[in-house]
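See below for the structure under consideration.
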2 protein chains.
Amino acid sequence: MPSHPVPDIVVGRLPVYLRALTAMTQEGKVITSSQELATRLGFTSAQIRKDLSHFGEFGKQGLGYNIPFLSEQLRHILKLDRIWGVVLVGAGDLGRALANFQGFQERGFEIRIVFDSNPAKIGQSLGRFVIQDIDQLVPSLHESDIRIAMLAVPARVAQEVTGRLVEAGIRAILNYAPTTLSVPSGVFVQNIDPAVHLQRMTYYLLEHD
Amino acid sequence: MPSHPVPDIVVGRLPVYLRALTAMTQEGKVITSSQELATRLGFTSAQIRKDLSHFGEFGKQGLGYNIPFLSEQLRHILKLDRIWGVVLVGAGDLGRALANFQGFQERGFEIRIVFDSNPAKIGQSLGRFVIQDIDQLVPSLHESDIRIAMLAVPARVAQEVTGRLVEAGIRAILNYAPTTLSVPSGVFVQNIDPAVHLQRMTYYLLEHD
DNA sequence: CAGTGTGAAGAGGTTCACAGCG
DNA sequence: CGCTGTGAACCTCTTCACACTG
C-alpha cells in the first residue's frame with residue numbers, strides 16, 4: 001500500500017514481471033536479479049528496481065530476489081491472491097476461444113457465466129457453460145460478486161452492452177470490440193483490437209514488399 | 001514523412017483515430033474537430049492536434065478536419081493504403097477465431113496461410129484455409145511477400161516458432177502467446193495476453209466483494 | 001469567430017550513479 | 001563484492017495558451 005500514487009504504466013508492467021517469475025519457477029529457478037529479469041523482458045534493470053520500489057523492498061542487497069517471495073508480493077499487490085469471477089459476453093468464435101482457454105484460473109480469473117443475445121444460441125452450451133440470455137445480464141449479475149467482464153460482441157452493440165455491464169456492477173472490462181467504450185469514472189477498460197495492434201507495427205515496416 | 005522521429009506512443013494512437021474516423025464515416029459524418037474526436041476517444045483535443053502535427057497539416061482553421069481526407073492521410077502514414085499478407089501460426093480455438101474474423105481485410109490485412117504442428121490438424125481445413133505443416137513454414141514464407149505473423153501457439157513453443165518466423169523474413173509479430181518473445185532489432189512485436197490485461201485492472205478494484 | 005497548429009511550460013517517466021547492506 | 005534501493009539528472013510526453021487563418 002504505497003503512500004504515493006503509483007503510475008499506471010508501472011502497474012501495467014507488474015503482470016509481465018509476474019508472468020516471467022512464474023515461468024522461472026517452472027524452470028526450477030529460485031533466485032533472480034533485476035538484471036536477469038531485465039534481459040529476459042527487454043527492460044532495464046534500473047526500471048525494474050524502480051518499479052518494485054514503489055511497493056516496498058523485496059530484494060536482498062548483493063543477492064537479488066527470491067522468486068517465490070517476489071511472486072507472492074506481486075500477486076498481493078495486484079490483488080491476485082484470490083480468484084476473480086468473470087462474465088463473458090458474446091458467444092461467437094472469440095467467445096468460444098475465451099471460454100475454452102485453460103489458463104485463466106491459474107492467473108487469478110474464472111469465467112462464471114456467459115451471455116449472448118442470439119436466440120439460436122441461448123440455452124446452447126459453450127464449453128462448460130450454458131449460454132444465457134443477455135436480457136438476464138443485469139438481474140443475474142447484480143446478485144453475484146462478479147466485477148470483471150470480457151466483452152466479445154460486435155462493435156455496433158458494444159456500447160449498449162457496456163451500459164448494462166456498468167449497471168450490473170461491473171468495474172473492469174476487457175474489451176475485444178473494435179470501438180472505444182465510454183464508461184463512468186471508477187470503471188476500467190483495457191482494449192484488445194488485433195487490427196489496431198497490427199496497424200501500430202505497419203508504420204515501421206519498409207515499403208518494398 | 002516527418003523529418004523528426006515520431007514517438008512510438010503517437011504512432012500507437014493513430015490506429016485508434018483512424019478507427020473512430022471510419023466509424024464516423026459510417027454514421028454519415030464528413031467533418032469533425034479535434035474536440036469531437038477527443039470527447040469520443042477520451043483524449044484531449046490538444047493531444048490529437050499535436051499528434052497529427054507530427055505528420056503534416058490536415059485540418060482547416062476555424063473548420064476542423066475533413067473525415068475522408070484525414071482517414072486517407074492516416075492510412076497512408078500507417079502504410080495501410082495496401083493489403084498486407086499475414087501468416088497465422090496455431091490452429092487452436094484462438095487460431096480459428098482469428099482465421100474466421102471478418103474485418104481484417106477492410107483494415108488492411110489478409111490472412112494468407114495457416115500453420116500448425118499437430119499432425120492431426122495438418123491437411124484439415126480451418127475456415128477457408130488448409131492447415132499447413134509448420135515444418136514448411138520457412139520455405140513457404142521465404143518465397144512469399146508476407147512480412148506479418150499472428151502467433152497463436154502455446155507459450156512453451158512460442159520462442160522456437162518466433163525464430164523460424166524471423167528466419168522466414170517476418171518483421172512484425174502479433175503475439176498471443178503468454179510469454180515475452182526475444183527478437184532481433186528490426187522485428188516488431190505486439191503482445192496480447194488477456195490475463196496480463198485483466199491483471200492490470202485488478203490493482204484498481206476495491207477489496208470488498 | 002471557431003478551431004488549427006505550435007512554441008513554451010509543465011508533468012511524468014526513465015536512467016544514472018552511488019550509498020548502503022548482506 | 002554484488003546487487004538493491006533511491007535521490008538527482010535527464011529525457012520524453014502532455015497540456016497550455018495564443019497567433020493565425022479560412
Side-chain angles (χ1 to χ4, degrees), chain A residues 1-17 20-21 24 29-74 77 200 203-204, chain B residues 1-17 20-21 24 29-74 77 200 203-204:
Chain A
M1 41 196 77
S3 47
H4 301 282
V6 177
D8 177 63
I9 196 163
V10 172
V11 174
R13 282 191 292 262
L14 299 187
V16 178
Y17 298 163
L21 292 168
M24 286 175 164
K29 282 189 161 59
V30 177
I31 300 289
T32 188
S33 65
S34 59
Q35 183 53 63
E36 186 183 28
L37 271 168
T39 302
R40 186 157 177 149
L41 297 177
F43 297 124
T44 66
S45 61
Q47 180 165 67
I48 290 175
R49 292 197 303 277
K50 185 66 120 182
D51 284 355
L52 297 177
S53 76
H54 285 96
F55 304 95
E57 309 194 356
F58 305 122
K60 287 210 172 36
Q61 290 172 333
L63 245 174
Y65 299 92
N66 176 286
I67 294 173
F69 175 74
L70 182 55
S71 300
E72 187 189 320
Q73 294 300 310
L74 288 177
I77 292 163
R200 183 175 187 155
Y203 176 80
Y204 298 100
Chain B
M1 43 197 78
S3 47
H4 302 282
V6 178
D8 176 64
I9 197 164
V10 172
V11 174
R13 282 190 292 263
L14 299 186
V16 178
Y17 298 163
L21 292 168
M24 286 174 163
K29 284 190 160 59
V30 176
I31 300 289
T32 188
S33 65
S34 59
Q35 183 54 64
E36 186 183 27
L37 271 169
T39 302
R40 185 156 177 151
L41 298 178
F43 298 123
T44 67
S45 62
Q47 180 164 70
I48 291 175
R49 293 198 303 278
K50 185 66 119 181
D51 283 356
L52 296 178
S53 76
H54 285 95
F55 303 96
E57 309 195 355
F58 305 122
K60 286 208 170 39
Q61 291 172 336
L63 244 175
Y65 299 92
N66 176 287
I67 294 174
F69 175 73
L70 181 55
S71 300
E72 186 188 321
Q73 295 300 310
L74 288 178
I77 292 164
R200 184 175 187 156
Y203 176 81
Y204 299 100

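Chain letters run A, B, ... following the sequence lines, proteins first, then strands; residues in each count from 1.
- Shown here for B:Ala20 and B:Arg40, the closest heavy-atom pair between the two residues is O-NH2, 4.4 Å.
- Nearest heavy-atom pair, B:Pro2 versus B:His54, reported as atom, atom and distance to 0.1 Å: CB-O, 3.3 Å.
- We find that CG of A:Leu37 is positioned 13 Å from P of D:dC3, with the value rounded to whole Å.
- When the nearest nucleotides of DNA chain C are assigned to B:Leu52 and A:Arg49 by heavy-atom distance, the more 5′-ward of the two goes with B:Leu52.
- Checking the phosphate oxygens (OP1, OP2) of D:dG2, no side-chain nitrogen or oxygen of A:Tyr65 falls inside 4.0 Å.
- If you take CG of A:Asp51 and C1' of D:dT6, they are 13 Å apart, rounded to a whole angstrom.
- Residues B:Phe58 and B:Leu52 approach most closely at CE1-O, 3.6 Å, considering heavy atoms.
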Can you give me every donor-acceptor pair (side chain of residues 63-74 of chain A, partner residue at least two apart or in another chain, under 3.5 Å) with its distance?
unit_1	atom_1	unit_2	atom_2	d
A:Asn66	OD1	A:Phe69	N	2.8
A:Ser71	OG	A:Ile67	O	2.7

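- Across all non-hydrogen atoms, the minimal contact from B:Met24 to B:Thr32 is CE-OG1, 3.6 Å.
- Nucleotides of DNA chain C that come within less than 4.0 Å of any heavy atom of chain A span, from the 5' end to the 3' end, C:dG13 to C:dG22.
- Distance check: B:Asp8 CG to B:Arg13 CZ gives 10.0 Å after rounding to the nearest 0.5 Å.
- B:Arg49 CZ to B:Ser33 OG: the interatomic distance, rounded to the nearest 0.5 Å, is 9.0 Å.
- Straight-line distance from the NZ atom of A:Lys50 to the C1' atom of D:dC3: 16 Å, rounded to whole Å.
- Contact annotation: B:Arg13 side-chain N/O to D:dT14 OP1/OP2 distance is under 4.0 Å.
- Within residues 55-63 of chain A, the residues that place at least one heavy atom under 4.0 Å from DNA chain D are, in residue-number order, A:Glu57, A:Phe58, A:Gly59, A:Lys60, A:Gln61, A:Gly62, A:Leu63.
- Contact between A:Tyr203 and B:Ile77 at its shortest, heavy atoms only, is CD1-O, 3.4 Å.
- Taking all atoms of both residues into account, the shortest heavy-atom contact from A:Ala38 to A:Thr44 is CB-C, 3.6 Å.
- Under 4.0 angstrom from either OP1 or OP2 of D:dC3 there lies no side-chain N or O belonging to A:Ser34.
- For the pair B:His54 NE2 and D:dC13 C1', the computed distance is 9 Å after rounding to whole Å.
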